[in-house]
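Below is one structure, written out as structure tokens; comments come after it.
Worth saying up front: this structure is predicted, and the values here are computed from it rather than measured. Numbers restart at 1 for each chain; the letters A, B, ... are given by sequence-line order, proteins then strands.
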Protein chains: 2
Amino acid sequence: MVERQRADARRNYARILAVAEEEVAARGADASLEQIARTAGVGSATVRRHFPTRRALLEAVSRTRIAALSARAQELTGRGDSRDALLEWLGEVVAYCVSARGLAVALSYDDSAADPVHENSCSRSLEEAGGPLLGRAVRDGAVAAGVTVGDLITLAVGIVLATEHRGDPAAEADRLFRLAVEGLSPRA
Amino acid sequence: MVERQRADARRNYARILAVAEEEVAARGADASLEQIARTAGVGSATVRRHFPTRRALLEAVSRTRIAALSARAQELTGRGDSRDALLEWLGEVVAYCVSARGLAVALSYDDSAADPVHENSCSRSLEEAGGPLLGRAVRDGAVAAGVTVGDLITLAVGIVLATEHRGDPAAEADRLFRLAVEGLSPRA
DNA sequence: GAGGAAACGGCGGGTCCCGCCGTTTATCCG
DNA sequence: CGGATAAACGGCGGGACCCGCCGTTTCCTC
């Protein structure tokens, strides 16, 4: 499991990843791989050797953010009202995706097309982390039974993707998120 | 208003548009402009002369679809239950965006960044067409007052964008659309 | 320290988008 | 009808990107 790796390879991996985080945050999901290579001081081939596809790079870049969100889910599980906790978490997912460009794209990839060799895809990770949070809300009757964490995340990602090019993405995303949570028709 | 145009220019415009429709439908919103030019039998410069930006091309390609959806909105206005009519229309918007690639991207562009010289942007067109339909639903109390057509369309577009790379986009999109309509918490 | 494998990165090819600019061609008017 | 004129065309070169190849360097092991 632990692929033995040369020291310079690990060093380059880390450098590329660090540069990629900045670059993707700044330019979005289709940042130039060559630019990342140049800034990291490596050849473009080395970038592709460590991250064979753009998806792989985006997922690696997103990993720390995903971890933070997963931790947050655990924190919120079992704390306070179950519906509020779930909504708080989803709101944070939306906010993260808005502020950290590239994350939404990484989460929009098809789970089933994930590299089976490597660890879980980003979305699968998040789904597992959010499972208990959603489960509790469902048991409390705050959410319908058929709904999955994947549904909620996809919805959040969609909202982010659709508002990305707007004047004020954060405000728009938040507005739509609340609309989706409330549903189309006002509560009685 | 009616820009006098040479005959060959109009002919080329039509050919490019026809080719672009097929190409975008097949390859998605980032189809190759040069490929379109080649297939249409014109130079790539001619394509860019008629459609200065990719956005312009996408909006032109989407125009006929938009027109169809607008007509559909008019048909549905005043027919049947106002909530059902609105939902039927939105469902068709989603279905259209799923089946006609590129449409969702065209609708995700910022309204306010639209070319003010030319006619309305795609989204603005649709918003106007859906206005009466939504207005009736709001008056009937089926939709909260603050909601705009733009909100609903953006939500629909987001759902499509987020499910685009899934195994079965149509099914996923439909599922999420219903979830968003119903809201997170089940009805009493 | 030497051998061997792993990792590197430069190079060439292909595609794309873009601006320039000489050439073709439709249109207008004498 | 035919020339003038401006619109429209499209080929060309530049720059950026992604990708595969392959000779070279660098690290690890013994």
Inset, instruction - For A:Ala45 and for A:Glu34, locate the closest nucleotide of DNA chain D by heavy-atom distance; then report the residue assigned to the nucleotide nearer the 5' terminus. - result: A:Glu34
Inset, instruction - Would you tell me whether A:Gln35 and A:Thr39 have side-chain atoms, one donor and one acceptor, within less than 3.5 Å of each other? - result: yes
Inset, instruction - Report which part of the nucleic acid B:Ala7 touches: base, sugar-phosphate, or nothing (heavy-atom distance under 4.0 Å, all strands). - result: sugar-phosphate
Inset, instruction - Please state whether the base of D:dA7 and the side chain of B:Arg6 form at least one donor-acceptor pair under 3.5 Å? - result: yes
Legend entry - Residue closer to the 5' end of DNA chain D, B:Asp8 versus A:Ser32 (nearest nucleotide): B:Asp8
Inset, instruction - Starting at atom CD1 of A:Ile36, determine the distance to atom P of D:dC17, rounded to an integer number of angstrom. - result: 11 Å
Legend entry - Polar side-chain atom of A:Asp174 near backbone of A:Ala171 as donor-acceptor pair, under 3.5 Å: no
Legend entry - Position toward the 5' end of DNA chain C (nearest nucleotide), B:Arg10 or A:Gly41: A:Gly41
Legend entry - Outermost DNA chain C nucleotides near chain A [under 4.0 Å, heavy atoms]: C:dA5 to C:dG10
Inset, instruction - Determine the minimum heavy-atom distance between B:Val160 and B:Val98, stating which atoms define it. - result: CG2-CG2, 4.0 Å
Legend entry - 5'-most by nearest nucleotide on DNA chain C - B:Ala31 or B:Arg11: B:Ala31
Inset, instruction - Answer yes or no: is there a donor N or O on one side and an acceptor on the other, between the side chain of B:Asp140 and the main chain of B:Ala142, under 3.5 Å? - result: no
Inset, instruction - Please state whether the rings of A:His50 and A:Tyr13 are parallel, tilted or perpendicular, taking 30° and 60° as the class boundaries. - result: perpendicular
Legend entry - Phosphate contact (D:dC17 OP1 or OP2) by A:Arg38 side-chain N/O below 4.0 Å: yes
Legend entry - Heavy atoms of other groups near B:Arg166 CZ, more than 12 under 6.0 Å: yes
